[in-house]
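Remarks on the structure that follows.
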Amino acid sequence: MSDILGDWKRSHYCGDLRAEQIGEDVCLMGWVHRRRDHGGLIFIDLRDRTGIAQLALDPDRDPEAHGKAENVRNEFVVAAIGKVSPRPEGTVNSKMKTGEVEIEIRELRILSEAKTPPFMLDEFTEVAENLRLKYRYLDLRRDSVQSNLIMRHKVAQTVRNYLTNNDFLEIETPVLTKSTPEGARDYLVPSRVNLGEFYALPQSPQLFKQLLMVAGFDRYFQIVRCFRDEDLRADRQPEFTQIDCELSFVDRDDIMTIMESMIADIFKAALDVDLDLPMPRMTYAEVIDRYGVDNPDLRFEMELQDITSLVSGCGFKVFANVAAKGGLVKALNAKGCATFSRKVLDDLTDFAGIYGAKGLAWVKIQEDGSWQSPIAKFFTEEELKALAEKLEAAPGDLLLFVADSPGIANEALGRLRGHLGHKLGLTDPNSYRFVWVTDFPLLEWDGEERRHMAVHHPFTAPLDEDIPLLDSDPGKARSKAYDLVLNGSEIGGGSIRIHDQAVQSRMFNLLGIGEEEARQKFGFLLDALEFGAPPHGGIAFGLDRVMMILTGAESIRDVIAFPKTQKATCLMSEAPGSVDEKQLRELGIRLAARNKQA
RNA sequence: GGGGCUGUAGUAGAGUCGGUUACAACGCCGGCCUGUCACGCCGGAGGUCGCGGGUUCGAGUCCCGUCAGCCCCGCCA
């Protein structure tokens, strides 16, 4: 039987007690983190979200409270009243914020008893993630995830303050909305009132925020949940949070300038780190050429080199053939890695294979400058010299080559570059290297669907100078889209939108979206564009990914209070679950028979 | 849809070549202990080795299947 709270009021958080409070009477409430029973004296480490304070219970001083403390177990919820006292000489704990003081407890109330938790709630015990997720409310008592969520709150507040001070308005948009085309799979919600019809949960508030610009709100933001029914990854959840912004009467530079300063505020507030502004900007073509991927990690160099022209006529058929067929031969120099074993090189080859590379050629530069390599014999002295010069090869270096179609050669070697950066310890977790990537291609060809797809989304404006290309060579057209990349991770992206109905219609044409289909899917946007749409553009940041980097979390689950597993289930609530036959009937839904026998 | 890793007391692990009663730690329960702070000492309880099948005289160990969690490819405008 527990005690009642009665009229006790908490006076302090546990973690806030310092030497300044010595002599004060305090009332603390929290969870028993640990109890140390010395037979006589009992110590209780009392925990709340701010930290831990040591309660001291002396049988001579307060036998009743001490007696109660004998029955206390871990994770009991207790309230305690006592006097803040200095710890006796030699017993100060310098590892604790509150280590100079303890509370001499006069009265103790057990507010709630607790079963022994299924795992220990200390920072030393590694617990399997499925167990952590099943008992998430206990896992969240642990300092690590709790401090991540506290920082997340701080970041959200910083965003609100910054954007508010810059004349943005926070406006909510519908969660029950309409399926959007071109994007990821939608989560669907059946309508009871409109049998047979479905809402879709938003993948982003894209259309609504553009309509808010047409409506004249000028600057909008929302910290908003978005939904995508796609497979999960370490940095992808089916529901995630975006910092979503849209502005009128601006160009790309305006948006990037305003937003990078918000990012700087976030880093100052969360980590007390000062960022250098403005952040560097690079075109898509440049980052692909130099790093192979559109989200390069700039914490280290190791740039890719295009050596296609150097090997186009060489004796190594693999390279020569690729060059002849319009492919790309790219190389990077892993400085000092000539020591890699055959096994490691095989692993790197397998790694490149994941991204479609059919092989990975390598060269070890020996101490005497000679080439140790299965392919060296195919090259002339001049070719070797030219390659060595281009790659700045020095004794001890490891040169790696991928020859393939441009897409595969760039991606495979680019990913390999990132992989090596990690492996070689070149990715300092306390270094933050940003880059804006601009001038993305507007369209990409989808071989399966036999049509162009929007790289960003179908409302993205082409570069002014590339508008003529829409007719002549749409695949070459570049867009006014931009991504913000941090340490190899895309943390945000956006674009200037099309605000001209005629251009928007041409865009739909290019995408193979017929007039009827366009009208049916987002006629309201096309209509709106005809009623005076200002030039506008925006951006959305993935709050979860930003938080991962700020906290150093390896999984997005560590920055979300109640995340889902890789199969998009919640181990705690056991969502998703089946529903009553009655609910289905009301929705006019009958489940198709499963292919396995019931 | 595909590739890979993991699964042994409450927890996280060890378990050799297939061989006696599956180990020690932390936690838990009981006892002792008045300055600890991941307290200490003594004792105790606690196991369908994820699940199902197979091989074998004998399976935690080998094989097949299956379930769950994780990482990756595809997918994610």
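The chains referred to below are lettered A, B, ... by the order of the sequence lines, with proteins before strands, and numbering in each begins at 1.
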Closest nucleotide among [options] to the [X] side chain:
X	options	result
A:M96	B:G69, B:G10, B:C37	B:C37
A:A184	B:C76, B:C72, B:A68	B:C76
A:S555	B:C71, B:G69, B:C73	B:C71
A:Q54	B:C37, B:G27, B:C70	B:C37
A:A234	B:U11, B:C72, B:G35	B:C72
A:Q566	B:G69, B:C76, B:C70	B:C70
A:F124	B:G69, B:A38, B:C71	B:A38

Pick the [atom1] atom in [N] and in [M], then give their distance to the nearest Å.
N	M	atom1	answer
B:C64	B:U55	C1'	10 Å
B:G65	B:C70	P	23 Å
B:A45	B:C51	P	24 Å
B:G31	B:C71	C1'	48 Å
B:A24	B:C42	P	14 Å
B:G10	B:C49	C1'	16 Å
B:G60	B:C75	C1'	39 Å
B:G3	B:G18	C1'	30 Å

Can [X] and [Y] be counted as an ion pair, charged N to O under 4.0 angstrom?
X	Y	result
A:D235	A:R545	yes
A:K521	A:E517	yes
A:D346	A:K343	no

Starting from the 5' end of RNA chain B, give me the residue, A:R545 or A:P59, whose nearest nucleotide shows up first.
-> A:P59

Map A:P86 and A:R185 onto RNA chain B by nearest heavy atom, then report which one ends up closer to the 5' terminus.
-> A:P86

Results of side chain to side chain contact (heavy atoms under 4.5 Å, CB included) for A:I223 - residues two or more places apart only =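 A:I223 satisfies side chain to side chain contact (heavy atoms under 4.5 Å, CB included) with A:A156, A:V159, A:R160, A:F221, A:T241, A:L543 once adjacent residues are dropped.
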
Please name all residues satisfying side chain to side chain contact (heavy atoms under 4.5 Å, CB included) with A:D466, sequence neighbours left out, ordered by chain then number.
-> A:L463, A:L469, A:A477, A:R478

Between A:F508 and A:F522, is the gap from one ring center to the other below 6.0 Å?
->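 Between A:F522 and A:F508, which both carry aromatic rings, the centre distance is below 6.0 Å.
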
Could you tell me the separation between the CZ atom of A:R225 and the OG atom of A:S204, rounded to the nearest 0.5 Å?
->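 Here the interatomic distance stands at 14.5 Å.
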
When rounded to the nearest 0.5 angstrom, what distance separates CG in A:N148 from CE in A:M548?
-> 10.5 Å

Quick one: is [X] getting a side-chain N or O under 4.0 Å of the [N] phosphate, OP1 or OP2?
X	N	value
A:K95	B:C37	no
A:R36	B:U36	no
A:R233	B:C73	yes
A:N74	B:C28	yes
A:T125	B:G10	no
A:R132	B:A12	no
A:T91	B:U36	no

For the base of [N], is there a side-chain donor-acceptor partner from [X] under 3.5 Å away?
X	N	answer
A:D231	B:C75	no
A:R87	B:C37	yes
A:R236	B:C75	yes

Near RNA chain B, under 4.0 Å by heavy atom, which residues of residues 41-51 of chain A?
-> A:L41, A:F43, A:D45

Residues of residues 408-421 of chain A with a heavy atom under 4.0 Å from any atom of RNA chain B, listed by number, are none

Assign [X] to base, sugar-phosphate, or nothing according to its heavy-atom contacts below 4.0 angstrom with the strands shown.
X	result
A:A56	nothing
A:D122	nothing
A:T569	sugar-phosphate
A:E123	nothing
A:R73	sugar-phosphate
A:I52	nothing
A:T460	nothing
A:R34	sugar-phosphate
A:P88	base

For [N], give the paired nucleotide (Watson-Crick: N1-N3 plus N6-O4 or O6-N4; G-U: N1-O2 and O6-N3; both under 3.5 Å), or none.
N	result
B:A14	none
B:U55	none
B:G44	B:C28
B:C76	none
B:U20	none
B:C5	B:G69

Does the side chain of A:T569 pick up a donor-acceptor pair with the side chain of A:E574 at under 3.5 Å?
->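 Side-chain D/A pair, A:T569 to A:E574: absent.
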
Side-chain donor-acceptor pair under 3.5 Å between A:Y291 and A:D297, yes or no?
-> no

How close or far is atom C1' of B:C75 from atom CZ of A:F240, stated in whole angstroms?
-> 14 Å

Length of the line joining A:E70:CD and B:C33:P, which is rounded to integer Å =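 Between P of B:C33 and CD of A:E70: 11 Å.
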
Could you list all the salt bridge (charged side-chain N to carboxylate O under 4.0 Å, His left out) pairs where at least one residue sits in residues 74-101 of chain A, not counting sequence neighbours?
->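 Residue pairs passing salt bridge (charged side-chain N to carboxylate O under 4.0 Å, His left out), neighbours aside: A:R47-A:E75, A:E75-A:R141.
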
Is there any salt bridge (charged side-chain N to carboxylate O under 4.0 Å, His left out) pair reaching into residues 48-60 of chain A, and which pairs are they, with sequence neighbours excluded?
->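 Not a single pair qualifies under salt bridge (charged side-chain N to carboxylate O under 4.0 Å, His left out).
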
Are the side chain of A:E230 and the backbone N or O of A:R185 linked by a donor-acceptor pair below 3.5 Å?
->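 Such a contact is found between A:E230 side chain and A:R185 backbone.
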
Quick one: do A:R34 and A:F43 satisfy side-chain contact (heavy atoms from CB on, under 4.5 Å)? Show the steps, please.
-> CA-CA 8 Å; A:R34 222 180 284 278; A:F43 296 107; over 6 Å; no

